[in-house]
Amino acid sequence: MRVRNTTKLFVGLATFAKGRDLLELFNDSQGGASGWIGGRANDQSEFLFNATLELSEAGYTEIEIEDVQEIRDISKAYEFDQHLGKNMEDWEPGKHSVWGSLYPFSSNEYPQ
């Protein structure tokens, strides 16, 4: 008996505060970023849980993921963000989500 793979692809617009910034992506004047994030999951709830968890594990806080959409194939990710599409083609082993381009904002624009 064959088991069907039910994993789906999702994208969502993430916004988050710098928090502890364990990946050291931000300078002192930056308070956080926004950008598209993609993920593999069985449903939207699982995508949101996994993406939020992975951002949280990197030290980021005040995480919001909006405009979540299921996409049929990775080529659709390029319509949201070129960097996201590339990262979805070259998935990091063990990760449930990948980032697209991040657009930092100043610490004055986002409360910490």
Side-chain angles (χ1 to χ4, degrees):
M1 179 172 133
R2 296 181 88 170
V3 176
R4 199 177 104 194
N5 182 355
T6 58
T7 301
K8 300 173 185 175
L9 298 170
F10 293 90
V11 297
L13 186 58
T15 303
F16 52 92
K18 177 168 58 173
R20 294 186 326 271
D21 189 22
L22 299 176
L23 300 178
E24 299 179 351
L25 297 179
F26 300 104
N27 64 40
D28 290 341
S29 69
Q30 295 171 326
S34 64
W36 290 99
I37 189 167
R40 295 181 190 148
N42 292 315
D43 57 38
Q44 182 174 323
S45 295
E46 183 180 38
F47 164 68
L48 289 168
F49 176 83
N50 289 336
T52 301
L53 179 64
E54 288 181 352
L55 286 166
S56 179
E57 287 174 343
Y60 305 117
T61 60
E62 301 179 49
I63 300 162
E64 295 178 19
I65 302 174
E66 303 173 314
D67 198 15
V68 175
Q69 300 173 46
E70 182 180 345
I71 59 174
R72 296 289 177 210
D73 59 57
I74 291 172
S75 66
K76 285 288 191 187
Y78 284 94
E79 295 176 16
F80 294 90
D81 181 276
Q82 292 291 311
H83 192 73
L84 176 64
K86 174 83 172 96
N87 285 343
M88 288 183 84
E89 285 184 1
D90 189 27
W91 218 283
E92 187 177 336
K95 294 290 184 182
H96 295 283
S97 61
V98 295
W99 301 356
S101 302
L102 294 178
Y103 300 94
F105 43 79
S106 76
S107 53
N108 296 336
E109 295 175 310
Y110 204 89
Q112 297 203 18

**Q** Got a donor-acceptor contact below 3.5 angstrom from the Asn87 side chain to the Trp99 backbone?
**A**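 Yes.
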**Q** Would Ile37 end up clustered with Leu102 when hydrophobic side chains under 4.5 Å apart are linked, directly or stepwise?
**A**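 Same cluster.
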**Q** Once you round to the nearest 0.5 Å, how far does OH of Tyr78 lie from NE2 of His83?
**A**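 Result: 10.5 Å between the selected atoms.
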**Q** Working to the nearest 0.5 angstrom, can you tell me the gap between Phe49 CZ and His96 NE2?
**A**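 So the CZ of Phe49 and the NE2 of His96 are separated by 9.0 Å.
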**Q** Taking side chain as C-beta onward, heavy atoms only, is Val11 less than 4.5 Å from Val68?
**A**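 They are not in side-chain contact.
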**Q** Short question: side chain of Asp67, backbone of Gly12 - any donor-acceptor pair under 3.5 Å?
**A**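 No.
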**Q** Given the rule that I, L, V, M, F, W and Y join up when any side-chain heavy atoms are under 4.5 Å apart, are Leu48 and Phe16 in one cluster?
**A**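 Linked within one cluster.
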**Q** Are Leu55 and Leu13 grouped together when hydrophobic residues (ILVMFWY) are joined by side-chain heavy atoms under 4.5 angstrom apart?
**A**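 No: no chain of side-chain contacts under 4.5 Å links Leu55 to Leu13.
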**Q** Kindly work out whether a path of hydrophobic side-chain contacts (I/L/V/M/F/W/Y, heavy atoms less than 4.5 Å apart) joins Phe80 to Trp91.
**A**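 Both belong to a single hydrophobic cluster.
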**Q** If you round to the nearest 0.5 Å, how far is OG of Ser97 from CD1 of Ile65?
**A**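 It is 7.5 Å, given to the nearest 0.5 Å.
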**Q** Testing the basics here: between Ser34 and Thr15, what is the closest heavy-atom pair and its distance to 0.1 Å?
**A**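 Reported closest heavy-atom pair: CB-OG1, 3.6 Å.
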**Q** Under a 4.5 Å cut-off applied to non-hydrogen side-chain atoms, are Gln44 and Phe10 in contact?
**A**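 A side-chain contact exists here, since the closest heavy-atom pair is under 4.5 Å.
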**Q** Taking the side chain from Asp21 and the backbone from Leu25, do they hold a donor-acceptor pair closer than 3.5 Å?
**A**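 A pair under 3.5 Å: yes.
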**Q** Could you check whether any side-chain N or O of Glu54 sits under 3.5 Å from a backbone N or O of Ala51, counting only pairs where one atom can act as donor and the other as acceptor?
**A**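 No, the answer is negative, given that no donor and acceptor are paired below the 3.5 Å cut-off.
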**Q** Let me see the working for Lys8 and Arg40 under side chain to side chain contact (heavy atoms under 4.5 Å, CB included), right down to the final yes or no.
**A** CA-CA 6 Å; Lys8 300 173 185 175; Arg40 295 181 190 148; over 6 Å; no
**Q** Between Leu9 and Met88, is any pair of side-chain heavy atoms under 4.5 Å apart?
**A**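 Side chain of Leu9 against side chain of Met88, heavy atoms only: contact under 4.5 Å found.
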**Q** OG of Ser56 to CD1 of Ile63: how many Å apart, nearest 0.5 Å?
**A**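 Output value for this atom pair is 5.0 Å.
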**Q** Quick one: do Phe47 and Tyr60 end up in the same hydrophobic cluster if we chain Ile, Leu, Val, Met, Phe, Trp and Tyr together by side-chain heavy atoms under 4.5 Å apart?
**A**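 Yes.
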**Q** With distance as the sole test, does Lys18 use its side chain to make a donor-acceptor pair with the main-chain N or O of Phe26 at under 3.5 Å?
**A**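 Side chain of Lys18 to backbone of Phe26: no pair is present.
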**Q** Give the minimum heavy-atom separation between Gly85 and Ala77, together with the two atoms involved.
**A**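 Answer, listing the atom of Gly85 first, then Ala77: CA-CB, 3.8 Å.
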**Q** Closer than 4.0 angstrom, basic N to acidic O: yes or no for Glu79 and Lys76?
**A**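 So Glu79 pairs with Lys76 through a salt bridge.
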